[in-house]
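Notes to accompany the following structure.
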Amino acid sequence: MAAELTAHQLIEKHRPTLDQALEAIRTRAYWSPHPEHPKAYGEDGSLDAAAGKAAFDALLGTRLDLDQPGTDDWVGGEVSPYGIELGVTYPHADLDVLLPAMRAGQRAWRDAGPEVRAVVCLEILKRISDRTHEFAHAVMHTSGQAFMMAFQAGGPHAQDRGLEAVAYAYAEQVRIPAAAEWTKPQGKRDPLALTKTFTPVPRGTGLVIGCNTFPTWNGYPGLFASLATGNAVLVKPHPRAVLPLALTVQVARDVLAGAGFDPNLVALAAERPGEGIAKTLATRPEIRIIDYTGSTSFGDWLEANARQAQVYTEKAGVNTVIVHSTDDYQGMLSNLAFSLSLYSGQMCTTPQNLLVPRDGITTDQGPKTFDEVTADLARAVDGLLGDDARANALLGAIVNPDVKARLEAAAGLGEVALASREIANPEFPDAVVRTPVIVKLDGAKPDDEAAYMSECFGPVSFAVAVDSVTDAVELLRRTVREKGAMTVGAYITDAGTEAALQEVCFEEAAQLSLNLTGGVYVNQTAAFSDFHGSGGNPAANAALCDSAFVANRFRVVEVRREA
């Protein structure tokens with residue numbers, strides 16, 4: 001159990017961090033309170049590398065008792081993509097008992113006000129940050145991310161996204177004053193005078209439906225946005241990635257209780273194998289907010305059927321890069337190679353379609369034909385992943401059999417510019433590790449269009465030959481409009497072409513990265529500065545994170561009295 005902290009102590013401890021976060025979302029400049037380097041941990045009560053690994057190992061084969069009401073069974077069954085059976089079991093809830101219990105503490109949480117809610121959320125994030133090494137192993141062995149990526153994306157970057165959501169939530173709640181004196185002159189008569197109060201009130205219980213690939217990074221924005229705006233939150237993890245979010249719930253319940261609030265404001269909904277409780281939960285009347293990351297089909301179902309709830313979805317799209325011209329050919333190839341390889345392409349932001357004029361491109365190394373560009377990119381990926389140890393550190397493991405099946409089927413869709421190969425992981429012999437495949441397609445052929453206009457999640461990319469850069473821009477427009485895109489990239493040195501592409505991205509609401517040749521990649525976004533998704537095309541109906549992501553999680557109730 002966490003040490004008890006009063007509201008005043010929490011404000012004193014965390015208000016400076018909250019103020020810095022508010023300034024960061026105002027300026028959009030770089031800032032993070034969470035260290036990215038593993039060696040930064042081990043002091044001030046945080047777990048160092050050895051202690052974090054030991055804490056994770058101690059979880060294996062145990063029962064994670066959250067002391068939730070309504071527990072009627074214990075469920076589990078996670079197997080790491082690296083081949084380890086986690087053996088952790090979690091409480092299975094009787095929803096008719098758990099959901100009313102979650103609502104019971106909401107009044108006191110509402111009455112605490114935006115500032116207290118914010119600093120309690122920051123205390124939760126601080127306790128999670130102190131255990132980043134432990135959480136990193138939990139993310140690694142549920143998502144298949146390599147350790148360093150699990151450490152950074154599942155740790156500090158996820159914590160940044162949670163803090164960002166708290167900052168936006170606080171800013172929106174205090175935008176309206178808590179009280180006002182209202183006086184309206186009436187000429188010779190006495191003025192009309194009212195005292196008014198304005199109270200942010202929660203919508204109701206929020207539901208976070210977690211994903212397999214980024215359980216914390218994608219789960220924390222919705223969790224903390226709903227909690228900071230006064231709502232109870234029920235966390236329904238992906239059945240293959242329960243542990244990171246179960247630990248999060250455990251920490252949140254501990255902090256809430258220590259701060260004098262009902263721990264049932266945050267609870268876990270783990271499920272039996274094949275139970276599929278997401279649809280049941282999503283349509284219950286108690287659920288008033290839903291945050292979802294995952295497949296387009298289920299995201300569309302939620303938007304159509306969870307009519308009682310405010311639904312925020314991050315689904316999927318067909319991410320596209322236009323390759324037209326560059327003044328740093330090697331830098332472009334290196335940047336694209338890394339983007340295609342990172343986490344085996346198992347990111348919603350990984351480029352899929354590379355649109356290249358069939359007559360070739362202009363570069364600082366002279367003209368390059370379509371075939372030369374694809375061959376050079378294939379060599380760049382091969383060079384990046386030629387050393388198996390480096391490849392394992394970048395690729396991680398294939399997260400599930402569906403990704404492996406799509407990878408294997410992709411080679412039959414066209415001419416293979418880069419074949420996928422199997423890589424052994426000496427530390428985890430049962431891990432499925434594969435390098436990316438690049439397939440050449442023709443943008444003018446209907447059969448090829450069926451392939452490149454469909455999302456192929458995983459380490460699969462299509463080099464698509466188009467007649468001109470104008471055709472590439474129009475194909476991009478159609479792709480974003482029909483299929484959506486989380487990211488768009490381009491390599492263009494011509495100002496007119498760049499302006500035309502930018503206009504398409506404005507019109508279709510797609511986030512654009514131009515001429516990246518260094519250490520920033522199209523599939524990475526930074527909290528407090530970059531918007532993840534736009535909410536304006538079919539890939540997602542929300543952006544992480546903006547005012548729209550938080551403002552409709554609460555409503556303002558006014559009470560008027562005569563002065």
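The basis for the numbers below is simple: all heavy atoms, side chains too, and nothing from hydrogens, waters or symmetry mates.
Side-chain atoms of Asn353 do not come within 3.5 Å of backbone N or O of Val318 as any donor-acceptor pair. The closest donor-acceptor contact from the side chain of Asp448 to the backbone of Leu441 lies at 3.5 Å or more, if one exists at all. A donor-acceptor pair under 3.5 Å links the side-chain atoms of Glu275 to the main chain of Arg272, judged by distance alone. Side-chain N or O atoms of Asn335 include none that pairs as donor or acceptor with a backbone N or O of Gly331 at under 3.5 Å. Side-chain N or O atoms of Gln352 include one that pairs as donor or acceptor with a backbone N or O of Ser454 at under 3.5 Å. In this structure a side-chain-to-backbone donor-acceptor pair under 3.5 Å is present from Thr229 to Ser226. Although no hydrogens or angles enter the test, the distance criterion places no donor-acceptor pair under 3.5 Å between the side chain of Gln346 and the main chain of Gly458. Between the Glu498 side chain and the Ala495 main chain, no donor and acceptor come within less than 3.5 Å of each other. Asn319 places a side-chain N or O within donor-acceptor distance of the main-chain N or O of Cys348, the cut-off being under 3.5 Å.
No option in Asp494, Thr493, Thr363 other than Thr493 meets the side chain to side chain donor-acceptor pair (under 3.5 Å) test with Ser325.
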**Message:** Before you tell me yes or no, could you show the steps for Thr248 and Tyr220 under side chain to side chain donor-acceptor pair (under 3.5 Å), namely the whole-Å CA-CA distance, both residues' side-chain angles and the distance that decides it to 0.1 Å?
**Reply:** CA-CA 9 Å; Thr248 301; Tyr220 284 5; 2.7 Å; yes

**Request:** Might you work through the side chain to side chain contact (heavy atoms under 4.5 Å, CB included) test for Arg434 and Arg421, ending with a clear yes or no?
**Result:** CA-CA 6 Å; Arg434 299 287 189 276; Arg421 68 184 180 91; over 6 Å; no

**Message:** Run Gln330 and Thr517 through side chain to side chain contact (heavy atoms under 4.5 Å, CB included) and show every step you take.
**Reply:** CA-CA 8 Å; Gln330 289 304 318; Thr517 57; over 6 Å; no

**Request:** Give the C-alpha distance, both sets of side-chain angles, the deciding distance and a yes or no for side chain to side chain contact (heavy atoms under 4.5 Å, CB included) between Phe528 and Thr27.
**Result:** CA-CA 9 Å; Phe528 308 109; Thr27 65; over 6 Å; no

**Item:** Asn231/Thr205 under side chain to side chain contact (heavy atoms under 4.5 Å, CB included): CA gap, chis, key distance, verdict
**Value:** CA-CA 6 Å; Asn231 305 279; Thr205 301; over 6 Å; no

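At a threshold of 4.5 Å between non-hydrogen side-chain atoms, the residues Tyr343 and Ser143 count as touching. When side chains are defined from C-beta on, Met149 does not count as touching Met140, because their heavy atoms never get closer than 4.5 Å. Looking at Thr293 and Ile209, their side chains never come closer than 4.5 Å, going by heavy atoms from C-beta outward. Under the 4.5 Å side-chain criterion, counting only non-hydrogen atoms from C-beta, Ile322 is in contact with Leu501. Counting only heavy atoms from C-beta outward, the side chains of Pro459 and Val403 approach each other to under 4.5 Å. Within the 4.5 Å cutoff, no side-chain heavy atoms of Ile84 are placed close to those of Val79. Side-chain contact between Trp217 and Val139 is absent, with no heavy atoms from C-beta onward closer than 4.5 Å. Residues Lys279 and Asn305 form no side-chain contact, since every pair of their non-hydrogen atoms from C-beta on lies 4.5 Å or further apart.
We find that Glu474 and Arg478 are not joined by a salt bridge, their nearest charged nitrogen and carboxylate oxygen being 4.0 Å or further apart. In summary, Lys368 and Asp359 do not engage in a salt bridge, as defined by a charged side-chain N under 4.0 Å from a carboxylate O. Classification of Asp291 and Arg553 as a salt-bridged pair holds, one side-chain N sitting under 4.0 Å from a carboxylate O. A salt bridge between Arg379 and Asp382 is absent, with no side-chain N of the basic residue lying under 4.0 Å from a carboxylate O of the acidic one. Salt-bridge formation is detected for the pair Lys315/Glu303: a Lys NZ or Arg NE/NH1/NH2 atom is positioned less than 4.0 Å from an Asp or Glu carboxylate oxygen. Salt bridge status for Arg240 with Glu78: absent, with no side-chain N to carboxylate O gap under 4.0 Å. Under a 4.0 Å N-O distance rule, the pair Arg481/Glu507 does not qualify as a salt bridge.
Under the side-chain contact (heavy atoms from CB on, under 4.5 Å) criterion, Thr349 pairs with Met347, Met486, Thr487, Asn523, His532, sequence neighbours left out.
Note: Tyr168 and Phe549 fail the aromatic proximity criterion, with ring centroids not under 6.0 Å apart. Under the 6.0 Å cut-off for aromatic ring centres, Tyr491 and His324 do not qualify, their centroids lying 6.0 Å or more apart. In summary, the aromatic rings of Phe147 and His137 are positioned with their centroids under 6.0 Å apart. In this structure, the ring of Tyr312 has its center no less than 6.0 angstrom from the ring center of Tyr292.
Side-chain contact annotation: Asp160 with Ser32, donor-acceptor N/O pair under 3.5 Å present. There is a side-chain donor-acceptor pair under 3.5 Å between Arg161 and Thr525. When only modelled atom types and interatomic distance are considered, Asp471 and Ser468 share a side-chain donor-acceptor pair under 3.5 Å. If you check the side chains of Gln159 and Thr132, you find a donor sitting under 3.5 Å from an acceptor. Using a 3.5 Å distance cut-off with no hydrogens or angles, the side chains of Asp328 and Thr326 do not pair a donor with an acceptor. A donor and an acceptor atom, one from each side chain of Gln310 and Asn552, are located under 3.5 Å apart. Checked by atom type, the side-chain pair Thr283/Gln308 shows no donor-acceptor distance below 3.5 Å.
Within a 6.0 Å radius of CD in Glu482, more than 12 heavy atoms belonging to other residues, nucleotides or ligands are found.
Shown here for Pro35 and Pro156, the closest heavy-atom pair between the two residues is O-CG, 3.4 Å. Between Leu385 and Ser341, the shortest heavy-atom contact is CD1-OG, 3.6 Å. Residues Lys404 and Ile398 approach most closely at N-CG2, 3.8 Å, considering heavy atoms. Between Val399 and Pro81, the closest heavy-atom pair is O-CG, 4.2 Å. Of all the heavy atoms in Ile438 and Val381, the pair that sits closest is CD1-CG2, 4.4 Å.
The ring-ring contact (aromatic ring centres under 6.0 Å, His included) pairs that include a residue from residues 406-453 are Tyr82-Phe428, His141-Phe428, where partners are two or more places apart or lie in different chains.
Geometric assessment of Arg28 against the ring of Phe531 yields a positive cation-pi assignment under the 6.0 Å and 45° thresholds.
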